[in-house]
Amino acid sequence: MRIHCSSGPLAASPSACHGHANPPEVENRREKSVNVDLPASRDAPSWPSARLLPLGDQHLLVRFSEGLTQSANAAAIEFAQLLNSSEIPGVLETAPNLVSVLLRYDPEAISFMRLSGEIGLRLKTSRAARALNANQHKIPVRFDGPDLNEVAASVELDIAAFITAHNAAPLKALATGFAPGFVYAGFHSEALRVPRRTRVRQQVAAGSVLFAAGQTAIAATDIPTGWHVIGHTEFRNFHPEQDPPSTIRPGDTLVFEAIK
């Protein structure tokens with residue numbers, strides 16, 4: 001394992017996965033990031049190389065990729081579960097994002113560099129035989145969204161064929177975030193990939209089923225969005241009175257079913 005440090009402004013934060021800017025107090029600081037490069041193992045699957053980024057003085061981001069890929073997303077989900085099963089003193093919370101894992105820690109209990117070392121040791125371990133704690137969720141959907149016709153036409157399918165293709169295979173919950181209970185699920189085949197809308201809707205209702213960039217998303221609260229609205233569901237993934245408040249967790253399987 002090779003670890004080296006480089007100085008420079010922070011390049012990203014967990015919120016960047018959802019299109020939000022970094023807080024000014026983070027952007028204006030010059031911190032050290034840590035690159036962890038791991039040689040491929042001949043005996044067992046290994047973790048991909050990762051970049052460790054300080055976000056302020058109480059958060060560390062383990063980022064596996066600059067862009068969203070299946071392999072980086074899988075690494076983020078699996079590594080978050082590994083961290084949750086092997087507690088590091090001083091770490092208060094761990095949360096996976098689309099291609100990264102965010103750790104919140106107590107800087108009085110552990111420093112960024114010491115925590116980076118602990119992360120590096122765990123990245124050196126094998127990924128073999130690590131079972132994910134995944135559940136399956138059935139999501140009933142009324143495919144009645146205002147963008148359904150346009151989306152189906154853009155992939156050269158009629159509405160019935162698009163719904164069949166959309167529901168043909170289960171999707172994985174890639175991440176939750178952006179808004180309470182919001183779920184990103186993927187990936188669809190390249191044949192169903194469409195870009196986001198050119199204009200943002202100022203608000204869509206909770207339960208809206210959204211579609212773009214090879215993914216389907218579910219809004220648990222009223223939100224603005226640039227994704228296409230293809231339907232609605234009564235399923236809600238946010239219950240503030242519960243602990244945890246979200247039913248779906250990253251790595252879970254979603255099965256979409258069309259209803260009238």
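The residues of the chain are indexed from 1 along the displayed sequence.
- The side-chain heavy atoms of T216 and L210, taken from C-beta on, include no pair separated by under 4.5 Å.
- In this structure, CD on E93 lies 9.5 Å from CG on N84, to the nearest 0.5 angstrom.
- Taking 4.5 Å as the limit, some side-chain heavy atom of I88 sits within range of a side-chain heavy atom of I110.
- Distance OG/S246 to NE2/H239: 8.5 Å, rounded to 0.5 Å.
- Between the side chain of R193 and the main chain of S189, no donor-acceptor pair closer than 3.5 Å is present.
- Cluster membership check: L103 shares its hydrophobic cluster with M113, using side-chain heavy-atom separations under 4.5 Å among Ile, Leu, Val, Met, Phe, Trp and Tyr.
- From Y105, atom OH reaches atom CD of Q58 across 8.0 Å, with rounding to the nearest 0.5 Å.
- Residue-environment remark: CD (E108) stays at or below the threshold of 12 foreign heavy atoms within 6.0 Å.
- Between F79 and W47, the angle of the ring planes goes over 60°, which puts this pair in the perpendicular group of the 30/60° scheme.
- Using a 4.5 Å heavy-atom cutoff, the side chains of S46 and K124 are not in contact.
- For the atom pair OG of S111 and CG of D106, the computed distance is 11.5 Å after rounding to the nearest 0.5 Å.
- Remark: the backbone N or O of H228 is not paired with any side-chain donor or acceptor of D147 at under 3.5 angstrom.
- Under the 4.5 Å side-chain contact rule for hydrophobic residues, V91 and L83 share a cluster.
- A donor-acceptor pair under 3.5 Å is formed between the side chain of D222 and the backbone N or O of A206.
- Put simply, CG on L98 and CD1 on I77 are 9.0 Å apart, with the number rounded to the nearest 0.5 Å.
- Residue E87 places its CD atom among 12 or fewer non-hydrogen atoms of other residues, nucleotides or ligands, all under 6.0 Å distant.
- Between the R142 side chain and the D144 main chain, no donor and acceptor come within less than 3.5 Å of each other.
- Looking at every heavy atom in both residues, F238 comes nearest to A220 through CB-CB, 3.8 Å.
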Please step through side chain to side chain contact (heavy atoms under 4.5 Å, CB included) for the pair T225 and V200, ending with a clear verdict. CA-CA 5 Å; T225 184; V200 173; 5.7 Å; no
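- Counting only distance, with no hydrogens or angles, the side chain of D252 and the backbone of N135 share a donor-acceptor pair below 3.5 Å.
- Residues T233 and P140 approach most closely at OG1-O, 2.6 Å, considering heavy atoms.
- Residues W227 and A217 share a closest heavy-atom pair of CZ3-CB, 3.6 Å.
- Between the side chain of S208 and the backbone N or O of V204 there is no donor-acceptor pair closer than 3.5 Å.
- The two atoms that bring P250 and P96 nearest to each other are CG-CG, 3.7 Å, heavy atoms only.
- Within the 4.5 Å cutoff, no side-chain heavy atoms of H137 are placed close to those of T253.
- Considering all non-hydrogen atoms of both residues, R196 and G226 come closest at CB-O, 3.5 Å.
- Between V101 and L61, the closest side-chain pair of non-hydrogen atoms is not below 4.5 Å.
- Side-chain contact between S86 and R122: present, with at least one pair of heavy atoms (C-beta onward) separated by less than 4.5 Å.
- Between the side chain of D158 and the main chain of A160, a donor-acceptor pair closer than 3.5 Å is present.
- Proximity of a side-chain donor or acceptor of S65 to a complementary backbone N or O of L68 within less than 3.5 Å is not detected.
- Minimum heavy-atom separation, G145 to H232: CA-CE1, 4.3 Å.
- Clustering of Ile, Leu, Val, Met, Phe, Trp and Tyr by side-chain heavy atoms under 4.5 Å joins V255 with none of the others.
- Looking only at side-chain heavy atoms (C-beta outward), S116 and L60 come within less than 4.5 Å of each other.
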Just do the side chain to side chain contact (heavy atoms under 4.5 Å, CB included) check on Q215 and F187 with the steps written out, would you? CA-CA 5 Å; Q215 302 167 59; F187 291 96; 4.3 Å; yes
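- The number of heavy-atom neighbours closer than 6.0 Å to CD of E156, taken from other residues, nucleotides and ligands shown, is 12 or below.
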Evaluate side chain to side chain contact (heavy atoms under 4.5 Å, CB included) for I223 paired with F182, printing each intermediate quantity in order. CA-CA 10 Å; I223 58 167; F182 189 92; 3.4 Å; yes
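- Clustering of Ile, Leu, Val, Met, Phe, Trp and Tyr by side-chain heavy atoms under 4.5 Å joins I159 with I139, V141, F143, L148, V151, V155, L157, F162, I163, L171, V183, L192, V194, V209, F211, I218, I230, F235, I248, L254, F256.
- Residues R236 and T221 have side chains not in contact (no heavy-atom distance under 4.5 Å, counting atoms from C-beta outward).
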